Structure formats: C-alpha cells, structure tokens
Amino acid sequence: MARILITSALPYINGIKHLGNLVGSQLPSDAYARYMRQRGHEVLLICATDEHGTPAELAAAKAGKPVAEFCADMWQVQKDIADGFRLSFDHFGRSSSERNHRLTQHFAERLAGAGLIDEVHEKQVFSHTDGRFLPDRYIEGTCPNCGYDKARGDQCENCTKQLDPTDLIEPRSAISGSTDLEVRETKHLYIRQSAMRQHLDEWIDKQSDWPILTTSIAKKWLHDGDGLQDRSITRDLDWGIAVKKGDKDWPGMDGKVFYVWFDAPIEYIAATAEWADANDLDEAAWHRWWRTDEGADDVRYVQFMAKDNIPFHTLSFPATLMGSGEPWKMVNYIKGFNWLLYEGGKFSTSQGRGVFMNEALEILPSDYWRWWLLSNAPESSDADFTWENFQGGVNKDLADVLGNFVSRVTKFCRSKFGETVPEGGQYGEAEAALTAEIQTRLIAYEKAMEDIEIRKATAELRAIWVAGNEYLQHAEPWAKFKTDPDAAASVIRMALNLIRLYAVISRPFIPDASDQMLAAINLSGTESWPDSVKAALTALPAGHAFTTPDVLFAKIADEAREELEARFAGS
RNA sequence: GGGCCCAUAGCUCAACUGGUUAGAGCAGUCCGCUCAUAACGGAUUGGUUGGGGGUUCAAGUCCCUCUGGGCCUACCA
C-alpha cells in the first residue's frame, strides 16, 4: 500500500467555474484519487478556493458584498457544486483560512531568514477614484504603437506590443473609467528566485518522466533572456494575508498583503492542516503528508492543473519550499491539461458562452458530464466540447453499451428465471475466453490509471463493457433457453457477474451509476477491486437476489440537444 | 518581436527510443440477432499522415522551409 497525496489546482473564488475548469484539474484528480483508493492505497485529495487578489475584491464589489462575506458565500456555492459532481475531496479548504495565514507568514519569515527576500521600491499606478493601486492590466488607454484605444497596461491586444502603463496615452482605470490616476512609489517584497535558479534547474532536470508540456514551460522561464527573474510577492490590497514575519510585524510593510500567487499554493499544505483540524487530528497527522522528516518521504505527491498554472507549480512554489530550508514534500508528478473549447471557441463568462458547472448539473446527472469530459480530456492538445459530440458519446457509451447491457441482462433474467441469480449449467470455453480478454484489458486499464492517461483508461473501460455485449451475442441465452435452460442460466449468471464487475471498475468515472448497479444486485459500494477477473466473475452465487433497475442512462434526444445548443450559444 | 506546442480517415483520437500492408471509436454501407433504452453482434467503405525539400537501407516519427491553429512572454489568476 502506498500513500498518495493529490492536489487539484485551486479554483478562483470570483465566480462559478465552467466545464473547462472542471476537466482541467478537479475532475481528473477525483477520478485518479477514487481509483487509487479502490486499489487500497491511502489517498489524500486536497482542493480549496483561491480567494485573494484584485479580481476577488472587484467581484465582491460588483455583488455588493464585503469581500469576506462574498468569499464565504462563493466558497459554499463552489463546495455544493463540487459535491454535485461527486468530487471526493478529503478537504475543500479556503486560502483565506487561519491556517494559511500562519503558514504563509511562516514561509515568508523563513525566506527572509535565508536572505531570499528583497525589499524593492517601485512605482505603481494609483487610482484615486477606485481608492486602490491598479495592476497593469486594469489600466486601459490608447496604444502608442498602433492607436488602439482599449490597450491594456501590460500589453496591447491589438498589436501585441508589450507595454508599460505609463506608455499609454490617456490612461484610465479599467474598473471605473476614471482618469484621476497618479504614479506613486510603493515598497514590495520580492522573492529572489534568481538565487535559486541553479537548484530549480537541477530539480527540473531530475523529472525525466514529466510531459514536455510541463518541463518545456519551466525551462523557458529558467533560461529565457536573463533567466529566472525575482518576483514580487506582496500587493497593496485590503483583502489578503497581512505581510508579517511569522507572527511578528514586518517593519515598513504595514497594510500590505501577500500576493495571491504566493499564498495560493501554500494553501495546499494549509488545507491539509485544515483537514486535520476538521477531523480532530493532531499536527503529526498532516505533517506525515508534507514533512519528509516526519513520514512524508514515501508519499507520492501528484498535482493536477491546467497549463496556465504550470510555471507557478514548477518554479514559484518549489522556490518557496526549497528556500524555506525546511524538509517540505516536493511534487513528484505534475499532470497538466490543455484547454477545453466550447463549439470551437473559448468559454466566456462575460458573454455567457459555454456551460458552467451549476448549469451542467441542472441539465443532466453528473455521471454524464464526468464520463464525457474524462473520455475527452484535453491531455495531448486542446479539446472541443460540442453538443453533438457530447450527445453522441454519452448515448453510445453510457446508454447503448453499458446501460443497455444492464437492462437486457436483468430483464431477460427476470422474465425467464426470476429476480435471483439462476443456477444450473457451468462456465465453459466462451466464459474462459471472455475472462481472459477482460483480464488483459483490465491490466491495460490499470496501467493507464497508474500513468494518469485518462483517455486511454476510459477507452479500455469501454472496451470491457463492449466485451459483455459481444459475449451475450455469441452465447445467445435467449436461443439456448428454449433447448437447454441450464446453459442459458450459466450465461446469465456470468452476465450478472459482469454487471457487478462493471460497477466496481467503472466507479472512478461514474460513481452514481456504479452505486445504482450495485444496489440493483443487492451489494454496497464497498466491493473490492478484482485481483483476479476469474474470481470476480463468480462472486455472485446462484440464488443471490437482485432488483431489475430503472434505465441507468436515458438518451439525449436530438430535439433536446438542439435546444441546448441554442440556449448556450451566448450573446 | 522571441520561445514552445500542435497539424494523422467525414468527426474525436492512437501509433515505445525512426522498423512489417498507419490503427481504434463514432458516423456511413451491408449482413445477422431479437433478450434489451429502434438497443446488440459481424463485416465493410474511407488516409500519397497540412504543402514542399532533405537525412537514412528505412520517416507520421529526425532536419530545413512554407501554411494554418494554439499557448506563453513574468502586475489576471
């Protein structure tokens, strides 16, 4: 038995996430965690909301709520939706937690003690009307290069030229539109990533099994231009973690907070501490997941995230952990995802384009989404959600192949033998061949899950479902029943055992359907993973009672699909 | 401007460090079955692997170039 620590990238607090966000980290992390738990490993799956930063403050203002209240409410909303998708987080924390405040301040103290923090005076744009400093991209104006009048302070979207806010002609606040701006001097802390470049480079070089997507992004940052740059880790904001050295004040840094990207990854650790607190466990209980000197040495730590998050997880966060000089657990494997597109374009919150998590659950049960999103996960390149593909995939895989299998077997049995596993006859060559095929495919499925190759895993799982239909077709229990009822009985006994097997091994992807299948055959969700397919296919003995279930997966009709296409086309 | 990634059947994707006639699923066509959610099974059509050039006994796989997408470029997160 191994111990596996899994973290999903933290969803930002400013609104409800769309399907792309879901499939980019939370959903695959859940399937992986569920699989590893079923295999008997000790798993800790951690996620949390990422609550600090300018967008959170603006979203709160727009909602007319104090930031703390807005974040608390939105956390609950996200938590409920995560539950709706059956995301099996051991803890869903908050980056604004007391634990994270203390840990973040602790790391800052350690880094300062190691000489890895610089205090830098710099000039930033302050908006009197908004009463806040503005991040570069919250300043708009006319591009000095091409004359585009909605250029942002960091870059002109029209001519792609990189800009400094002071380059803009007639700069204004992107928040209020105010031109009452002033360049003010302010002081911020920088983490000296440049001083850790060598260490980070060597550490990245050791990760030979990481995907190109992951290492190439890290290498780019490490070697491009002058190499890895120092990075500001504080901001002039109200909402956030106060800049302190441990529990001591930081002279000259009153009223400032840590930058969201400094404190967010630390929340992975803090959320584990929150988990221990929530379960009345002691400090050692979470240290054994994170401190290599207290038992975490044999933990395998896997992170799930979309590609935009990779620099922070390959460089910034490791720099924080290394720089502390303390024995914190470093990530063993980073699973990065590309983007999910919606009907060929980007999901857009502002234009209402695409499907958001809350809407998805109103339309169909979570298993439909889980299956389609995971079997089409953007692993090797961007993937495209279209209602046509969704309808086709769900109808074929879930309704026709799996759902119909359960239906045809249970209904046939009920009408010919009654609602118990029939006795008579015995397994022969056909059953041996089926068992062998499933055993081979199961091994491939397990390998894909170990390697976190999600699409490959779903393809193998589907092939195992198909094998059941193939078997039935060739065994023809409906024909055998007329001449040799015992032979038909053994086929159906096998088929009912297949339902049980399917319920167990499909659980990481479609947990609700798994429960329904198990309930139908009077079992619970605690059925163990099949070590031997042969043994697993005799687990249900003759005489075991079952209940013919309702339709597992209803098909999505063409009219319904067209309606959904129109509804989510956006403005 | 610089860097990285991608381009394979109508659609969605495979193909270990270059190695037999480039494979699946879906859609299409034909046949079979009738237990089942008009479901299932079998067979089959379909690709000069974006264009061009090169290296090699051998290239989807390596190199160059062109075209078309995407991402990153450090103060959104």
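Note on naming: letters A, B, ... go to the chains in the order of the sequence lines (proteins, then strands), and numbering restarts at 1 for each one. This structure is a prediction, so every number in the text was calculated from the model and none was measured.
- The CH2-C1' distance, from Trp221(A) to rA74(B), rounds to 4 Å in whole Å.
- A donor-acceptor distance shorter than 3.5 angstrom exists from the side chain of Ser506(A) to the backbone of Tyr502(A), with no hydrogens or angles considered.
- Protein atom CG of Leu398(A) is 18 Å distant from nucleotide atom P of rG25(B), rounded to whole Å.
- For the P atoms, the distance linking rA14(B) with rA9(B) amounts to 13 Å, nearest Å.
- Taking atom CD of Gln193(A) as the reference point, atom C1' of rC75(B) lies 14 Å away to the nearest angstrom.
- A donor-acceptor contact under 3.5 Å is formed by the side chain of Asn404(A) with the base of rA36(B).
- Candidate nucleotides rA36(B), rC75(B), rG41(B) were compared by shortest atom distance to the side chain of Lys411(A), and rA36(B) ranks first.
- Here the two rings, on His313(A) and Tyr268(A), have centers that are under 6.0 Å apart.
- rG52(B) and rA7(B) have their C1' atoms separated by 16 Å, given to the nearest Å.
- Remark: P of rA36(B) and CG of Leu552(A) are 16 Å apart, rounded to the nearest angstrom.
- Of the residues in residues 471-503 of chain A, those with a non-hydrogen atom less than 4.0 angstrom from any atom of RNA chain B are Gln473(A), His474(A), Trp478(A).
- Of the candidates rA77(B), rA74(B), rU37(B), rA77(B) carries the atom nearest the Tyr12(A) side chain, counting heavy atoms from C-beta on.
- When the nucleotides rC75(B), rU73(B), rC35(B) are ranked by their closest atom to the side chain of Arg408(A), rC35(B) comes out on top.
- Taking the centre of each ring, Trp369(A) and Phe390(A) come in below the 6.0 Å mark.
- One atom, NZ of Lys307(A), and another, P of rC71(B), lie 7 Å apart when rounded to the nearest Å.
- For Asn469(A), the listed nucleotide lying nearest its side chain is rC40(B); candidates were rG25(B), rC75(B), rC40(B).
- Note on Glu379(A) versus Arg455(A): no salt bridge recorded, every NZ/NE/NH1/NH2 to OD/OE distance being 4.0 Å or above.
- Classified by interplanar angle (parallel below 30°, tilted 30° to 60°, perpendicular above 60°), the ring pair Trp371(A)/Trp465(A) is tilted.
- Separating the P atom of rA74(B) from that of rG68(B) is a span of 26 Å, rounded to the nearest Å.
- Nearer to the 5' terminus of RNA chain B, by closest-nucleotide assignment, is the contact made by Asp397(A) (compared with the other of Asp397(A) and Trp339(A)).
- Comparing rG70(B), rC76(B), rA77(B) by their closest approach to the side chain of Tyr138(A) singles out rC76(B).
- Using a 4.0 Å heavy-atom cutoff across all strands shown, Thr410(A) reaches no nucleic acid atom at all.
- In this structure, Ala554(A) and Ala383(A) both approach RNA chain B, and ranking their closest nucleotides by distance from the 5' end singles out Ala383(A).
- Atom-to-atom, CZ of Phe553(A) to P of rU37(B) comes out at 16 Å; the value is rounded to the nearest Å.
- Considering every non-hydrogen atom in both Phe312(A) and Pro318(A), the closest pair reads O-CD, 3.9 Å.
- Ile556(A) has its CD1 atom 18 Å from the C1' atom of rA38(B), to the nearest Å.
- Nucleotide rC76(B) holds its C1' atom 17 Å from the CD atom of Glu51(A), rounded to whole Å.
- Taking atom C1' in both rU8(B) and rG51(B), the straight-line distance is 15 Å, to the nearest Å.
- The gap from the C1' atom of rU20(B) to that of rU65(B) amounts to 31 Å, rounded to the nearest Å.
- A distance of about 8 Å separates the C1' atoms of rU45(B) and rG28(B), rounded to the whole Å.
- Ring centroids of Phe337(A) and Trp339(A) are separated by 6.0 Å or more, keeping the two rings apart.
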